[in-house]
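Computed from a predicted model, the values in this text were never measured in an experiment.
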2 protein chains.
Amino acid sequence: MERSAREVFLHYLQDSGMNMTPQRATIVEVFLREEGHFSPEQLYEAVGRVDPAIGQATVYRTLKLLTESGLAVTLDTGDGATLYEHGYGHEHHDHLVCLHCGNKIEIMDPTIEERQQRIARENGFELTRHTMLLYGICPECRDTSEH
Amino acid sequence: MERSAREVFLHYLQDSGMNMTPQRATIVEVFLREEGHFSPEQLYEAVGRVDPAIGQATVYRTLKLLTESGLAVTLDTGDGATLYEHGYGHEHHDHLVCLHCGNKIEIMDPTIEERQQRIARENGFELTRHTMLLYGICPECRDTSEH
DNA sequence: ATATCTGCAAATAATTTGCCCTGAC
DNA sequence: GTCAGGGCAAATTATTTGCAGATAT
């Protein structure tokens with residue numbers, strides 16, 4: 001059976017010569033409870049509700065570890081701040097983003113994924129990862145802004 | 001016949017109630033001479049070789065105008081800095097980026113573009129634009145790092 | 001004249017780092 | 001006792017903004 005996210009993180013730390021600490025444990029737990037996409041600031045606030053003594057820097061440092069361990073995935077929508085989402089036990093997906101309300105829909109298209117592989121191969125690249133963001137106006141915002 | 005990039009920019013300024021100024025003229029000229037992808041900082045340096053009196057803020061402000069007018073397009077590779085490239089008289093394309101040397105290859109796949117439209121439509125979105133970045137290791141870097 | 005622009009420096013915003021202290025083994 | 005880890009505040013980086021003087025129409 002599959003390892004739990006906590007175990008994956010613990011093994012990552014151990015393999016890298018790092019330790020699980022109370023702060024890291026708290027941050028992972030809170031991280032796993034969060035849903036959707038959130039900023040380091042939002043996670044910091046949620047962590048603060050559990051243990052107000054944990055500092056921002058520790059949240060940032062731990063988010064980096066979570067990303068390296070595969071538990072977290074970054075989502076950069078180009079508006080200055082990096083968002084994070086769950087990356088372990090979740091299928092890969094891309095995003096459809098509303099430019100008006102910021103709502104994000106997860107999308108996945110096997111044909112696109114396959115073409116991406118092909119493009120990389122044709123250029124002699126070994127594909128590591130990719131990001132694809134489709135920007136537009138969602139149905140709700142289109143209705144609202146009708147005149 | 002097609003309007004020159006300078007004309008497009010001039011018309012954009014006029015339509016928006018703004019003026020062409022010596023600084024803006026210099027920045028557009030230098031911008032149009034640049035090739036590939038470059039940062040505001042790089043453009044600022046190139047502009048400085050023509051007119052050292054032009055400030056960074058003016059370069060940033062003008063880059064924003066260039067983007068709004070369609071002459072420039074932004075490219076956010078997620079490593080902190082926004083890059084710019086030419087957007088007028090250039091076909092739309094996406095990028096294949098080497099994680100090792102930073103080299104960027106322009107790519108374009110009609111099938112992907114078509115599927116993106118379909119995904120947007122299926123979700124009721126009106127698609128405005130998109131970004132797609134494929135990250136990997138380029139052939140040169142793969143050869144070099146062989147052991 | 002009047003509104004737009006500019007350079008400069010200060011202000012932001014997001015994130016990282018330095019440093020000294022604390023706690024675990 | 002040693003050393004990783006952590007809190008705090010200072011530092012960094014990229015970009016934006018306020019302002020007072022200069023400029024275009």
Side-chain angles (χ1 to χ4, degrees), chain A residues 9-31 37-69 72-84 102, chain B residues 9-31 37-69 72-84 102:
Chain A
F9 188 51
L10 182 56
H11 279 92
Y12 168 77
L13 289 177
Q14 291 173 341
D15 291 351
S16 314
M18 292 181 276
N19 307 313
M20 179 58 88
T21 65
Q23 288 92 338
R24 285 179 184 158
T26 299
I27 294 170
V28 193
E29 289 310 315
V30 174
F31 167 80
H37 322 89
F38 44 87
S39 63
E41 179 66 23
Q42 284 175 295
L43 182 61
Y44 170 62
E45 282 167 25
V47 164
R49 270 173 245 128
V50 177
D51 181 353
I54 296 177
Q56 293 224 38
T58 303
V59 172
Y60 272 100
R61 285 188 276 236
T62 306
L63 267 174
K64 182 169 276 182
L65 298 178
L66 288 170
T67 304
E68 287 161 12
S69 73
V73 166
T74 61
L75 173 63
D76 196 335
T77 59
D79 59 356
T82 301
L83 300 182
Y84 289 80
Chain B
F9 188 50
L10 183 56
H11 279 92
Y12 169 74
L13 290 178
Q14 290 173 342
D15 291 351
S16 313
M18 293 183 275
N19 306 313
M20 179 58 89
T21 64
Q23 289 91 338
R24 286 179 182 158
T26 299
I27 293 170
V28 192
E29 288 311 314
V30 173
F31 168 81
H37 321 89
F38 45 87
S39 63
E41 180 66 25
Q42 284 174 296
L43 182 62
Y44 170 61
E45 282 167 25
V47 164
R49 271 175 244 126
V50 176
D51 180 353
I54 295 177
Q56 294 224 39
T58 302
V59 172
Y60 272 100
R61 285 188 275 234
T62 306
L63 267 174
K64 182 169 278 185
L65 298 179
L66 289 170
T67 304
E68 287 161 9
S69 72
V73 166
T74 61
L75 174 63
D76 196 336
T77 59
D79 59 356
T82 300
L83 299 182
Y84 289 80

Legend entry - N or O in side chain of B/Thr21 less than 4.0 angstrom from D/dT23 OP1/OP2: no
Inset, instruction - Kindly point out which of D/dT16, C/dT16, C/dT6 is positioned nearest to the side chain of A/Lys64? - result: C/dT16
Legend entry - A/Arg24 side chain vs A/Asn19 backbone, donor-acceptor pair below 3.5 Å: yes
Legend entry - For atom CD1 of B/Ile54 and atom C1' of D/dT23, their distance in whole Å: 14 Å
Legend entry - Short side-chain N/O contact to D/dG7 OP1/OP2 from A/Gln23, under 4.0 Å: yes
Inset, instruction - Please state how far atom CG in B/Leu63 lies from atom P in D/dT17, giving the value in whole angstrom units. - result: 15 Å
Legend entry - Whole-Å gap separating C1' (D/dA4) and CG (A/Leu65): 13 Å
Legend entry - Pairwise 5' ranking along DNA chain C for B/Pro52 and B/Leu13, keeping only the more 5' one: B/Leu13
Inset, instruction - Nearest whole angstrom, please: distance from the P of D/dT16 to the CG of A/Asp79. - result: 12 Å
Inset, instruction - Output yes when at least one side-chain N/O atom of B/Tyr60 is less than 4.0 Å from OP1 or OP2 of D/dT15, else no. - result: yes
Inset, instruction - Tell me whether the centres of the aromatic rings in B/Tyr60 and B/Tyr44 are closer together than 6.0 Å. - result: no
Legend entry - Proximity to the side chain of B/Met18 - top-ranked nucleotide from C/dC5, C/dT16, D/dA4: C/dC5
Inset, instruction - State which of D/dT16, D/dC8, D/dT25 makes the closest approach to the side chain of A/Ala57. - result: D/dC8
Legend entry - Euclidean distance, atom CG of residue A/Leu43 to atom P of C/dT15 [Å, nearest integer]: 12 Å
Legend entry - Under-4.0 Å side-chain N/O to phosphate OP1/OP2 contact, A/Ser39 with C/dA14: no
Inset, instruction - Respond yes when some side-chain nitrogen or oxygen of B/Thr82 is under 4.0 Å from OP1 or OP2 of D/dA14, and no when none is. - result: no
Inset, instruction - Please report the C-alpha distance between A/Phe31 and A/Leu66 in whole Å, then the side-chain angles of each, then the deciding distance to 0.1 Å, and finally whether the side-chain contact (heavy atoms from CB on, under 4.5 Å) criterion is met. - result: CA-CA 9 Å; A/Phe31 167 80; A/Leu66 288 170; 3.9 Å; yes
Legend entry - Residue closer to the 5' end of DNA chain C, B/Arg24 versus B/Tyr44 (nearest nucleotide): B/Arg24
Inset, instruction - Taking atom types as modelled, find out whether A/Thr77 and A/Asp79 have a side-chain donor-acceptor pair closer than 3.5 angstrom. - result: yes
Legend entry - Donor-acceptor contact present, side-chain A/Glu45 to main-chain A/Gln42, <3.5 Å: no
Legend entry - Comparing B/Glu41 and A/Met20 on DNA chain D - which has the more 5′ nearest nucleotide: A/Met20
Inset, instruction - Indicate, yes or no, whether a donor-acceptor pair under 3.5 Å links the base of D/dG7 to the side chain of A/Arg61. - result: yes
Legend entry - First of B/Pro40 and A/Gly55 reached from the 5' end of DNA chain D, by closest nucleotide: A/Gly55
